[in-house]
Protein chains: 2
Amino acid sequence: MGRPRTFDIDVAVDRAMELFWRQGFEATSTEDLVEGLGIARGSLYKAFGSKEQLYAMALRRYCQSHAEGLIELLDRAEQVRPVIQAVLLELVEADLADPERGCLLVNAATERSAHPDTVQQVSRTMGQIESALAGALERARVSGDIAADKNPRELAQFLTTFLQGLRVMGKARADRVFLENAVKVAVGALD
Amino acid sequence: MGRPRTFDIDVAVDRAMELFWRQGFEATSTEDLVEGLGIARGSLYKAFGSKEQLYAMALRRYCQSHAEGLIELLDRAEQVRPVIQAVLLELVEADLADPERGCLLVNAATERSAHPDTVQQVSRTMGQIESALAGALERARVSGDIAADKNPRELAQFLTTFLQGLRVMGKARADRVFLENAVKVAVGALD
DNA sequence: CCAGTTGTTGACTAATCAGTTCCTAATTCG
DNA sequence: CGAATTAGGAACTGATTAGTCAACAACTGG
């Protein structure tokens, strides 16, 4: 009952995600959000409570639509190494195509390290990526796709860390040769 | 001639660096700077021109006192691999001791990717780190410290990227075992 | 159709933002 | 000493900030 909402809340969160992604939390004003979401100020606050809460929703959305996509891919992967390489090179392409955006998870980790809710969300997602990588690498080890003496969890922790570095370098120095070389060496560490 | 400055401008830049490092550019207000530097508003603007210019000076200071220290270490290094490992583990310790600070270069790259001056300063410093690593690895290759078939520049680009990832993970998931495992695998990639 | 409920809206608020101004203080040079 | 120059500092500026509010609109159940 009551008057129905005239905007799609999922679309609004997506647009907020895009704004926070490009500009960061602090540099995105509520006026930016009003304009970008196409919703009046009051409606925005009625629907989302505060800028902080909307940011939390946008970050969660990002984790779901990006990190969890990666995780499912790894869970399904039959040949792990080519999939990992393809994923890393795809991220390189994304950074080259749009260097100002980078990765919202990395942006959140660096900009909002003083905000426990954000740090926890980021940490949880990093942990999920690590686990998915570790699982895939363990399967690869069992099937002989990577050497038996490799430790899947350590490799997963390494790759998770390298992945974040790739996103930083994609923003700081969007150079195809540089990034592709870095990926080549990183993937080579699995042999 | 004229009235002499009553504060040390280098100390003031150091304090500004500390504030921007911990809080980021946007989250640091001019009021924070007035308080943190112990200088009145007018003097601050007379000495530094604007918040942007003070940030640029603080970032340059960071590059000089941190990146260039690393570069000199690499230039002097006789055994390259142990030095690289030690440097990475030292950064792990720094992140564990103070996870909210992270690396000002990484923070700058992610928060201020829309500001060409900042991006250029970051990119230049990343390039210097890459070159120092490449030089040290080339010497190591010649002296037989690393395998002759390794490409020093590619290894340097990989390590530069990994280094940035390490600083992100230090903020996002300050876990000693995780970070030390990641370093172990990364350094292993030099073999 | 009417009461109740919820969404929409733009004007409003108090606080804070980056930056300026103007007067005083402290120095050097002649 | 006095003119010139530069720094210090508090009060001030207009703009912008995140968030609130009250009047109005649209829906459901009775």
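Below, chain A is the first sequence line, B the second, and so on; all start at residue 1.
We find that CG of Leu54(B) is positioned 13 Å from C1' of dA18(C), with the value rounded to whole Å. When the C1' atom of dA3(C) is taken as reference, atom CE of Met1(A) falls 12 Å away, rounded to whole Å. In this entry the distance linking CD1 of Ile39(A) with C1' of dG10(C) reads 15 Å, nearest Å. Atom CZ of Phe7(B) and atom P of dA26(C) are 16 Å apart (whole Å). Nucleotide dT8(C) holds its P atom 12 Å from the CG atom of Leu37(A), rounded to whole Å.
Nearer to the 5' terminus of DNA chain D, by closest-nucleotide assignment, is the contact made by Gly38(B) (compared with the other of Gly2(A) and Gly38(B)).
Phe48(A) comes within 4.0 angstrom of no nucleic acid atom, judged by non-hydrogen atoms across all strands.
By the 30° and 60° cut-offs, the orientation of the rings of Phe20(A) relative to Tyr55(A) is perpendicular.
No more than 12 heavy-atom neighbours from other residues, nucleotides or ligands sit within 6.0 angstrom of CD on Glu35(B). Annotation: Gln79(A), atom CD; neighbour count of heavy atoms from other residues, nucleotides and ligands within 6.0 Å does not exceed 12. Within 6.0 Å of atom CD in Glu68(B), more than 12 heavy atoms from other residues, nucleotides or ligands are found, so the atom counts as buried in its surroundings. Under a cut-off of 6.0 angstrom, the local environment of CD in Gln64(B) is crowded, with over 12 non-hydrogen atoms contributed by other residues, nucleotides or ligands.
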Nucleotide-resolved protein contact map, nucleotides 13-25 of chain D, B/S/- at heavy-atom distance under 4.0 Å | ----SBBBB---B

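A salt bridge does not link Arg153(A) with Glu138(A): every distance from a Lys NZ or Arg NE/NH1/NH2 to an Asp or Glu carboxylate oxygen is 4.0 Å or more.
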